[in-house]
Amino acid sequence: MHPSLIIISYLLIIPMTKMCEMKLLGSAGSAFVTRVKFVLQLKSIEYVYIEEDLCNKSELLLTSNPVFQRVPVLFHSNGQPMTESLAIMEYLDELKPDVHPLLPSDPSDRVQCRVLAYTFDTLCYPWMKEFMLTREKERREELKQMLVQGSVMLEEAFVKFSKGKTFFGGDDIGYLDIVVGGFLGWIKFYEVVFNFKVIEEARNPRLAEWEKSMWSHEVARSVIPSHEIHMKFLNMLIGRLPPLPVSASDAA
Ligand SMILES: N[C@@H](CCC(=O)N[C@@H](CS)C(=O)NCC(=O)O)C(=O)O
């Protein structure tokens, strides 16, 4: 090929491959965003990451997720936005079914995985969030007990899904490992900041082993945010709380 043709095709190909990249709109401390990063990395999908400011939401977020206005939003290479971490995980699994498949092949096993993910997101996540943000000591103690019960439920689920192997997904990381694993950084953060172990060896022996295996997985280690990022995220959430009502004695 003539050298000038090589240069022209190079100039055309590079911007085209850039155009075809997916974009992920996220917030570094979000466990839901961590899930998506996890899948993108496991499946070796290139993407451009855009950090969102949840205190001053961008036009991109407001137009791409107008109803819930939350991250993650994954933009298909044609620009189409996709929201909800679980739906995005499934989309990526369908897009690249041969690279690190996440969901089991049996349809009824897949349903059970989805139900556990839904249960985790609708029960455990709100407890975890409220645990961090409540200003009432008693409520925090109540939430601790609820999270302990949640960890027992997860331990049982782990025994059922892992079938004696290392991960929820069996020999390798699967869908549920990422659903729960997205929160591993927060679980560690609770231990350091609130002196509370969501997963405890005596109470959750198999889950505690799983936690160690997850932390020794290189993709997990590279996508789970640092302690500092979690602290920054928590401070952002606290900063958005309504001010405490001024009591009569304060005003006097
Ligand atoms: N169910 C959603 C939950 C996403 C979510 O709650 N994202 C939070 C960050 S962790 C968010 O963007 N919240 C918006 C806000 O706080 O204003 C998912 O799975 O993607």
Side-chain angles (χ1 to χ4, degrees), residues 22-43 45 47 49-76 80-95 102-103 110 113-135 143 147 150 154 168 174-190 193-194 198 223-243:
M22 289 194 184
K23 291 185 184 63
L24 172 63
L25 184 61
S27 174
S30 162
F32 300 103
V33 173
T34 302
R35 285 177 180 170
V36 177
K37 286 183 179 170
F38 214 134
V39 181
L40 286 163
Q41 197 151 321
L42 277 178
K43 291 192 176 275
I45 299 174
Y47 65 101
Y49 177 73
I50 308 166
E51 179 72 10
E52 176 65 36
D53 179 356
L54 291 176
C55 292
N56 182 20
K57 292 181 180 173
S58 67
E59 252 328 278
L60 188 58
L61 178 64
L62 299 179
T63 51
S64 56
N65 192 356
V67 177
F68 294 113
Q69 306 184 352
R70 58 193 185 196
V71 289
V73 182
L74 182 73
F75 296 87
H76 186 276
Q80 189 199 327
M82 283 166 274
T83 59
E84 292 300 316
S85 61
L86 299 179
I88 297 172
M89 286 172 62
E90 291 214 25
Y91 162 75
L92 294 171
D93 206 26
E94 282 173 22
L95 188 74
L102 297 177
L103 277 160
R110 283 209 292 273
C113 281
R114 290 180 182 120
V115 170
L116 185 68
Y118 177 77
T119 312
F120 180 83
D121 279 13
T122 47
L123 278 183
C124 303
Y125 165 65
W127 293 339
M128 287 182 79
K129 190 171 176 191
E130 195 187 343
F131 174 81
M132 289 196 301
L133 296 180
T134 182
R135 289 149 163 167
L143 287 158
L147 284 167
L154 268 187
F168 280 93
Y175 175 82
L176 287 174
D177 295 286
I178 299 172
V179 168
V180 185
F183 284 81
L184 278 179
W186 282 107
I187 290 175
K188 199 173 182 180
F189 184 81
Y190 281 18
V193 174
F194 300 102
V198 179
V223 293
I224 295 175
S226 65
H227 176 85
E228 289 69 31
I229 287 178
H230 286 106
M231 187 57 94
K232 205 170 152 200
F233 195 84
L234 173 61
N235 284 330
M236 180 275 291
L237 292 177
I238 291 173
R240 294 193 319 186
L241 289 176

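Note that ligands are numbered from 1 as they come in the structure, with each ligand's atoms numbered from 1 the same way. Position 1 is the first residue of the sequence, and the numbers go up from there. A quick note: this is a predicted structure, and the numbers were derived from the prediction, not measured. Values below: all heavy atoms of this structure, side chains included; hydrogens, waters and symmetry mates excluded.
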Aromatic contact, Tyr190 with Phe131 (centres under 6.0 Å): yes
Side chain to side chain donor-acceptor pair (under 3.5 Å) against Thr34, all qualifying residues, sequence neighbours excluded: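 Partners of Thr34 under the side chain to side chain donor-acceptor pair (under 3.5 Å) test: none.
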Minimal non-hydrogen separation, Cys124 against Leu147, with atom names: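 Shortest heavy-atom separation between Cys124 and Leu147 comes out as O-CD2, 4.0 Å.
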Neighbour count above 12 (heavy atom, 6.0 Å) for Tyr49 OH: yes
NZ (Lys57) with more than 12 external heavy atoms under 6.0 Å: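 Counting neighbours around NZ of Lys57, more than 12 heavy atoms of other residues, nucleotides or ligands fall under 6.0 Å, so yes.
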Distance (rounded to the nearest 0.5 Å) between Leu92 CG and Ile45 CD1: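 Here the rounded value is 5.0 Å.
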Sorted by chain and number, the residues that approach ligand 1 to under 4.0 Å with a heavy atom: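 Ligand 1 is contacted, at a heavy-atom distance under 4.0 Å, by Ser30, Phe32, Leu54, Lys57, Gln69, Arg70, Val71, Pro72, Glu84, Ser85, Tyr125, Phe233, Arg240.
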